[in-house]
Structure formats: structure tokens, C-alpha cells
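Just so it is clear, the structure is predicted and the values come from calculations on it, not from any experiment. Basis for what follows: all heavy atoms, side chains included, without hydrogens, waters or symmetry-related copies.
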Amino acid sequence: MAAEERERIRGIFNRIAARYDVMNRIMTFGIDRGWRRSLVRAVPRTAARVLDIATGTADVACALSAAATGAPAIVGIDNAEIMLAEARRKIKAKHVRNITLVRAAAEKMPFAAGSFDAAVVAFGIRNCTDNGVVLAEAARVLRKGGVLAVLEFFRPDNIFTRIVQGTYVRLVIPLVARLLVRAAVDAYRYLGDSIAAYLSVKEFRVLAERSGFLHIRTKRFLFGVADLTVFSRTASKIKKGRGTT
């Protein structure tokens, strides 16, 4: 069942890949760029190898490369091959040479234990079939002391924010998708449904701690519309826990 759901989500993102960046800017009025910069700043400058989980069109991977003082090895993984094709075009256009892209599901990362100093994920972990497995995999591929930074539309714990966000993503975004970019409307309806069914940031923190992480800090954007939460991989023994998408 998880494999079927993973394929369904892969199909959704493949259909919207060509207009993914445009819709991100429109949906957030460009504010998401600032959120992503905060995510990039959460990665230690000393990190020599960084993993970008659910890299999509490599927005964050390119930002990591641009912000680095040295030339860290950045690896982006995604399960949607058309998203990765868009990422390759962007990387080539920006003349970035330190990013490697790999098609892989976040639930089964093709890397050895302790391969990375830091890992990031921007608005992607919510689309994974089992967050507990993804977090356990992230803990496995990070070295002890490595940093995990997650930027996500968690389910708001504030009822007012939840109502406003729910109205916007369920009604406004599908309309914008139809009128402005002619994107697959059902794909953007999925966005609203996935946020409503997702974890709150507090629930996500509990799941991450069960998977071998220590919470460092959380930064809230727009009264909880989005949150950046940062962890350190500290446990020597990883507990594989199951979570919700």
C-alpha cells in the first residue's frame, strides 16, 4: 500500500514539475524564498557533505551551494524523475558544480551510515509515505552530531491559523493554479488535503526524537503557517518508528 501511495505522489509531482517554481512563488507571494534562506542558514558552515531530501527542482541545493564558504558536496534526492530533470536544467544554467542528483525515495536512501554532516528537507517530508521511516533513514545517514533541518507546512496548532491556511490552500490555490499557470488542479488540492492530515510541529518533534534526534530550535513563520525545526543527530541507537504523512 505504501508503494502504491508513493507512486501516486510521484505522479502528482511529475505533472507539476515544469511549473513548480512558479507556483511556489505565487502561492507564497515570494515569501518562501526567505523561509528557504532560513533553512540554509541552519546548516553549519563546516558541513562538508549535505543531503537535500526531496530536493524537487533543487532550489535549496542551489542556495546551499551559493551560501557555502567552501565547496561542500551536496547530494539531492527525489523520487520524481521529471522534477529531477528540472533540477538538472537549473543546476546547469547556474553553472553549479558541487551538486549531485540521485533518484531515490526518502524512505530508502542509497547511502552508507554516517555519510553526511547535515541534511535538509523543504516542504517534502509531508509527502513521504512514512515519516518515522524517513527520520530513521535520515538519522542513519547522518554522522553523530549531524544537523537535520526541516522546513514544512505542519498542521497549525492555532485554530485561527488553521482556518485561514485551510481556506487558502483548499480554495484559493486551486483557483490560481487553474487561472495563472494551468497546472493540474487536483495536484494543488492534494496540497490542502496533505496539510490538514499532517502532523503538528510538536507531534513531528516527538517522532524525530524517537528516531534518534535532539530538538535544537523551532522558528515559526506567519503565525504557524510554516515552521523551521532543527535537530541534532545524537543517539547512537536508532529507533525505527512509524508516522503519518
Side-chain angles (χ1 to χ4, degrees), residues 24 28 31-56 59-70 72 74-76 106 114-128 131-162 165 195 198-239 241 243-245:
N24 280 345
T28 67
I31 296 173
D32 67 298
R33 288 176 170 171
W35 299 347
R36 292 171 201 268
R37 284 194 293 270
S38 293
L39 174 67
V40 169
R41 287 195 293 269
V43 175
R45 291 185 175 273
T46 55
R49 285 180 56 81
V50 183
L51 176 65
D52 183 16
I53 302 167
T55 190
D59 250 10
V60 170
C62 289
L64 284 165
S65 179
T69 52
I74 300 165
V75 179
S115 297
F116 296 94
D117 302 303
V120 298
V121 53
F123 306 115
I125 198 165
R126 172 174 40 83
N127 302 307
C128 297
N131 278 195
V133 171
V134 173
L135 286 164
E137 275 290 272
R140 181 184 66 81
V141 302
L142 281 171
R143 64 169 176 79
K144 189 173 181 180
V147 168
L148 171 67
V150 180
L151 175 63
E152 189 53 86
F153 294 121
F154 295 100
R155 189 183 74 250
D157 49 20
N158 179 290
I159 186 64
F160 177 75
T161 303
R162 193 182 307 167
Q165 184 190 64
I195 293 171
Y198 195 48
L199 303 169
S200 69
V201 69
K202 292 178 182 178
E203 291 167 338
F204 184 84
R205 173 179 169 178
V206 170
L207 189 61
E209 289 173 344
R210 279 175 43 198
S211 301
F213 288 99
L214 175 69
H215 178 253
I216 299 174
R217 66 183 181 276
T218 294
K219 184 175 182 178
R220 179 152 287 186
F221 301 107
L222 282 181
F223 308 101
V225 166
D227 293 271
L228 169 63
T229 186
V230 184
F231 302 90
S232 175
R233 156 70 167 96
T234 58
S236 57
K237 183 178 180 181
I238 307 304
K239 300 177 183 178
T244 53
T245 52

**Asked** Which distance, rounded to the nearest 0.5 Å, do you find between the CZ of Arg143 and the CG of Asp117?
**Response** 4.5 Å
**Asked** How about Tyr198 and Phe153: are their ring centres within less than 6.0 Å of each other?
**Response** no
**Ala63 versus Val40, closest heavy-atom pair with distance** = CB-CG2, 3.7 Å
**Prompt:** Roughly how far apart are Leu142 CG and Phe213 CZ, rounded to 0.5 Å?
**Reply:** 5.0 Å
**Request:** Could you grab the distance from atom CZ of Arg217 to atom OG1 of Thr229, nearest 0.5 Å is fine?
**Result:** 9.5 Å
**Prompt:** Would Asp227 and Lys219 pass as an ion pair if we require N to O under 4.0 Å?
**Reply:** no
**Request:** Using atom types as modelled and distance alone, determine if a side-chain donor or acceptor of Arg220 lies under 3.5 Å from a backbone N or O of Ala226.
**Result:** no
**Request:** Check the angle between the aromatic planes of His215 and Phe231 and answer parallel, tilted or perpendicular using the 30° and 60° thresholds.
**Result:** perpendicular
**Message:** Are Trp35 and Thr28 packed together at the side-chain level, in the sense that at least one heavy-atom pair is separated by less than 4.5 angstrom?
**Reply:** yes
**Straight-line distance of Phe154 CZ to Thr218 OG1, nearest 0.5 Å** = 7.5 Å
**Closest non-hydrogen atom pair between Ala122 and Val60, with its separation** = CB-CG2, 3.7 Å
**Item:** Distance in Å, Leu51 CG paired with Ile74 CD1, rounded so as to fall on 0.5 Å steps
**Value:** 10.5 Å
**Request:** Heavy atoms only: give me the nearest Ala106-Ile53 pair and the separation to one decimal.
**Result:** CB-CG2, 3.7 Å
**Request:** State whether Asp32 and Arg37 are salt-bridged, where the test is any N-O pair (Lys NZ or Arg NE/NH1/NH2 against Asp/Glu carboxylate O) under 4.0 Å.
**Result:** no
**Item:** Over all atoms of both residues, closest heavy-atom pair of Val75 and Arg49
**Value:** CG2-NH2, 4.3 Å
**Asked** Taking the side chain as C-beta and beyond, is there a heavy-atom pair between Leu207 and Leu199 under 4.5 Å?
**Response** yes
**Request:** Locate the shortest heavy-atom distance separating Ala118 from Val43; write the atom from each residue and the value.
**Result:** CB-CG1, 4.0 Å
**Item:** Residues Val230, Leu148; criterion side-chain contact (heavy atoms from CB on, under 4.5 Å); working and verdict
**Value:** CA-CA 6 Å; Val230 184; Leu148 171 67; over 6 Å; no
**Request:** State, with a plain yes or no, whether a side-chain heavy atom of Val225 is found less than 4.5 Å away from one of Pro156.
**Result:** no
**Request:** Would you confirm whether Glu203, through its side chain, and Ser200, through its main-chain N or O, come within 3.5 Å as a donor-acceptor pair?
**Result:** yes
**Request:** Any chance you could measure Leu151, atom CG, to Leu228, atom CG, to the nearest 0.5 Å?
**Result:** 6.0 Å
**Leu135 vs Phe204 side-chain heavy atoms within contact, under 4.5 Å** = yes
**4.5 Å side-chain heavy-atom contact, Arg36 and Phe123** = yes
